[in-house]
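What follows is a single structure, written as C-alpha cells, with notes after it.
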Amino acid sequence: MLFEVIKEEIKDLIRKVLPYCNLSENDIDFEVSESPLKEYGDFSCNLAFLLSKIQKKNPYEIAKNIVNDILPKYEIINKNKSLIESVSIERPGFINFRINLKGFLKMFFLKIMEVTMMPTIGTPEDLILIEHTSVNPNKALHVGHIRNAVIGDSLYRLFSSTRHNVKVLNYVDDSGLQIADIIVAFRYANIPIEEEKRNSESKKFDHYCGNYVYVKINELYSTRQDLEIERKSVLKELENPYSQISLFTHQIVNRILIDQLQTCWNIKCHYDILNFESQIIQSNLWESIFKILKEKQIIQFETTGRNAGCWIFKSQKEGDKVLVRSDSTITYFAKDIPYAMWKLGCIENPFEFEIFSQQWDNTNLYQTKMKREKEQSSSFNNLINFDKIKKVITIIDFRQERLQSLLLEILNKLGIENTKYRYLGYEPVTLSNKTAELLGVNRENKKSTQMSGRKGIFIEADTALNLLINKAYDEVIKRNPDISEKEAKFIAKEISISAIRYYFIKQDMGKIITFDINDSLSLEGDTGPYIQYSYARGMRIIDKMDYKIDSLSGIELSDLDLDLLNNEIELITHLCKFSTIIKESAYNYEPKLIAKYLFKLSTLFNNFYESSPILKEVGNKKTIRIRILYSSLLIMNHCMEIIGITPLNKM
RNA sequence: GGGCCCAUAGUUCAGUUUGGAUAGAAUGGCUGCCUGCGGAGCAGUUGGUCGAGGGUUCAAAUCCCUCUGGGCCCGCCA
C-alpha cells in the first residue's frame, strides 16, 4: 500500500516534467520501478530512454537535462512535503530517485494498520465459481491431482479473503468409461468388492480400486474380449439412472468419492458443490442444447467419410470434433457444453442443492439433485445466484486445453459472452527416474515418467502425505522430547500439509513438475515448514514478552528513534509490498506470487530475528521492534491462510 | 504432418506477460555461528558461453526468425 503511494508520487512528478518536453501524458508510457541496487537509489524511471527514441538524442543527455535543468528550474520537487529526497542520473540514462528514509519509516509506523490489512478487491456481490480436483471416481488421488486441488483451493482462499463470494465445484464423472471399468471388474470379472487380504497398510477403498481393481481389469481386457463387450453394455446402462447397474454404480462411486474427499480434506481443501455427471445427463439439458446447435447450424450431420453418421462440430482451428456418435450416444466433450452453460448461468438451472456431507472446516458440502415438486424443494436453492456470476474458473491439465478452446468456440457461436469463462491450465506432474524405478518402471534415456492409473504407475497422494507425516513426526519428537503424542501428531500433520501444499503452489503452472518421492518431500529451505518455523520463532517471543501490546495503532516517532538496522529496513520495505502482491496475484490468477512473497518475508524475518533482539531491548527501540514483529507475523498469517499453511506456535 | 508447452548453477527452480544497470533463490559441496527470543535457523564460500545461431535495439535470459533437444495434444476414450 505504502509502496504504491511512493511510486505514485514519483509518477506524478514525472508527469509534471512531461510538458517541458512538449509531451502530454498520453504520448508516453513511462515506468517507475524499484532499483536493482542501492547505489542507484530506491526507484528508477525509464523516461529518458523513451524520449531518446522520439527526440533522437542520447538518453544520458536527456536525463541530465531533466534532472539538472527542468526539475530545479520549475521547482517541481517540494522538499517539505515530498518523500523524494534526491534525484540522480546514471549511465546509460536512468533517472534514479532516493526516498527520504526517515519519512518513509515514520509513515510506516503511523499507518501500520493499513499496511498489514488484507486488501479488498471484490465485493460480496461478485460470484466466482472455481472448479477443481474433478478426479474420476475410480481410484485414489495421485500426487498429480494434488497439484490441481492445491492450485484451485489457493485461488478459492485468495478470492475469499479479498472479499469475493466464491463457490467451489467438484465435477464427478460417475457415468464414464473409467467407473464402468470398475463395475465390469466387480460384476463380470470375479474381482471381489472387498479386499480379501489386508496386507497393505491402507484400508481405503479408493486405494484398493485404483491400485488393484483398475489395473487388473485393464490387464484382463487384452485377453478377454467378452469383458470389453460387457463394458459397452455397462456404459449404456449407466444412461438409465434406475437400472440395476446404475444403482450399484452409485454405491461404489459414493464409497470411492468419500475416500477421495478424505484425502482432499486432509490437506484442507474446501468444496461447496459436487456436480455428478449422471445428474447432468438426467437433466436432459443436452437435448435442448442439441436442438439449438442443430437449428443454428453450429453442428452438422456427417453422411460420408470416417465420421459418417455422427453429429460433428467443424472448428476453424481444431478440425472436426464428434459430439454425437453414430450409435447416437454423446461424447465426453458434448457433455461439457451444457455443464459450462450451467456454470455460466445462461440456461435455466434444473438442479437443487442437497447436503452431501459435512467437511473438515465444519461447512456443508452440497450435491446437485434434480428439482422436485415445489413443496418438497430443498432450502438450499439460493446457494448459487446465477445472475451474479462474474467469473467461472476451471482448473485443468494442459492436455485438455484443446477441448477447452473448442468449448469456447462453441459458446461463442451460441452467442454467449465467454469472457467470464476462464480455464487455467497447468502442466502435469511426472515421476523422476528414481521414483519410477521404485515402482518397477524402467525407462532409460527418459528424463521422467508419465503417471498412468491404467498401468499402475503413480504415487498416491496419501502415500506422499504419510511419508511426510512420519518424517515430520520424528523431527518434532527430536526437538520436543517431552511433547504428548497427540500434540506431536497434530504438529507433524500440519507440517506435512504445509510442505506438500507449498511444494505444489510455488512452481509455475506452465512447467512440468518432476516428483521425486525422496527429494521432493523436504522440510528445509524453500519449503512450507521453513515458513512455519519462522512464524513459530516469532510467536515464541510474544509468549515470552513481559507485557502485551494490544494493538497496532499508529505511533509517531522522532528522527532519533528511527535509526534502524539495514535488516529492519529491508523487512519493513518488504512488508509494504503486501497488498500490491495480493492484488497482482488475484489479477493474474497466480497464487505462486504469494508463495514467493511469503518465503522472502520469512527469510527477512529470520534475518531480523537473528540481528535484532527484542526481549532484552528497552525503550523506543523495543517498541519499534515489537511493532515490526507484530506486523510481520500478521502479514505472514494472511499469506499462510491463502496458501493453506497453518501457523503454528510450536513445532 | 499440423498445433501448444518447455530448455537458466552439479540438482530443483525464480526472473520472460511489460526489454534496462553486476542473471537471483533453494539444495548439494566446503567454512564458521547455540551460557543469547527455538540450529527446521543465520553468516560466508563454491558453482552460470541463460540450448545453438542470426536479427531488432542505446540496451536482449526477456521481443522476432531459423535450428536442436525434450514433453504434450491432434479418437465415434473420458
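Quantities reported herein were computed from a predicted structural model and do not represent experimental measurements. Within every chain, numbering begins at 1; the chains are lettered A, B, ... in the order of the sequence lines, protein sequences first and strands thereafter.
Relative ring orientation between A:F608 and A:F605 is described as tilted, the plane-to-plane angle lying within the 30° to 60° band. Ring pair A:Y503/A:F515 is perpendicular by interplanar angle, where above 60° counts as perpendicular and below 30° as parallel. Ring pair A:Y530/A:F599 is tilted by interplanar angle, where 30° to 60° counts as tilted.
A donor N or O paired with an acceptor N or O is found under 3.5 Å between the base of B:rA21 and the side-chain atoms of A:S44. Side-chain to base pairing of A:N96 with B:rA21: one donor and one acceptor N or O lie within less than 3.5 Å of each other. For B:rC76, its base sits under 3.5 Å from the side chain of A:S326 at one donor and acceptor pair at least.
Residue A:A308 is classed as a base contact, given a heavy-atom separation below 4.0 Å to a base. Within the nucleic acid shown, A:G510 comes within 4.0 Å of sugar-phosphate atoms alone, with no base atom in reach, counting heavy atoms only. Across all strands, A:I312 comes closer than 4.0 Å to no nucleic acid atom at all (heavy-atom distances). Among the protein residues, A:Y530 comes within range of the sugar-phosphate backbone only, with heavy atoms under 4.0 Å from sugar or phosphate atoms but none that close to a base. No contact: A:N480 has no heavy atom under 4.0 Å from any strand. Across all strands shown, A:E617 has no heavy atoms under 4.0 Å from either base or sugar-phosphate atoms. No engagement by A:Q400 is indicated, since no non-hydrogen atom pair under 4.0 Å with the nucleic acid exists. Within the 4.0 angstrom heavy-atom criterion, no nucleotide atom of any strand lies near A:Y60. Backbone-only engagement by A:L177 is indicated by non-hydrogen atom pairs under 4.0 Å involving sugar-phosphate atoms exclusively.
For A:K511, no side-chain nitrogen or oxygen approaches OP1 or OP2 of B:rG70 to under 4.0 Å. Contact annotation: A:K317 does not reach the phosphate of B:rC74 (side-chain N/O to OP1 or OP2, under 4.0 Å). Within the structure, every side-chain polar atom (N or O) of A:R402 is placed at least 4.0 Å from both OP1 and OP2 of B:rC72. Between B:rA43 and A:N607, a contact under 4.0 Å exists linking OP1 or OP2 to a side-chain N or O. For B:rG41, the OP1/OP2 oxygens have no side-chain nitrogen or oxygen of A:Y535 closer than 4.0 Å. A:K600 has no side-chain polar atom (N or O) that falls below the 4.0 Å cut-off from OP1 or OP2 of B:rA14. Within the structure, a side-chain polar atom (N or O) of A:Y609 is placed less than 4.0 Å from OP1 or OP2 of B:rG38.
Stacking between A:Y40 and B:rA21 is shown: the ring centroid lies under 5.5 Å from the centre of the six-membered base ring, and the planes differ by under 30°.
Side-chain N/O atoms of A:Q55 and A:S52 include no donor and acceptor closer than 3.5 Å. Using a 3.5 Å distance cut-off with no hydrogens or angles, the side chains of A:D173 and A:Y332 do not pair a donor with an acceptor.
The partner of B:rU45, taking Watson-Crick or G-U wobble pairs whose two distances both stay under 3.5 Å, is B:rG29.
With its glycosidic angle more than 90° from 0, B:rC63 adopts the anti conformation.
B:rA59 and B:rG20: their C1' atoms are spaced 6 Å apart (whole Å).
Partner of A:V184 under the side chain to side chain contact (heavy atoms under 4.5 Å, CB included) criterion, out of A:L227, A:L235, A:L220: A:L227 alone.
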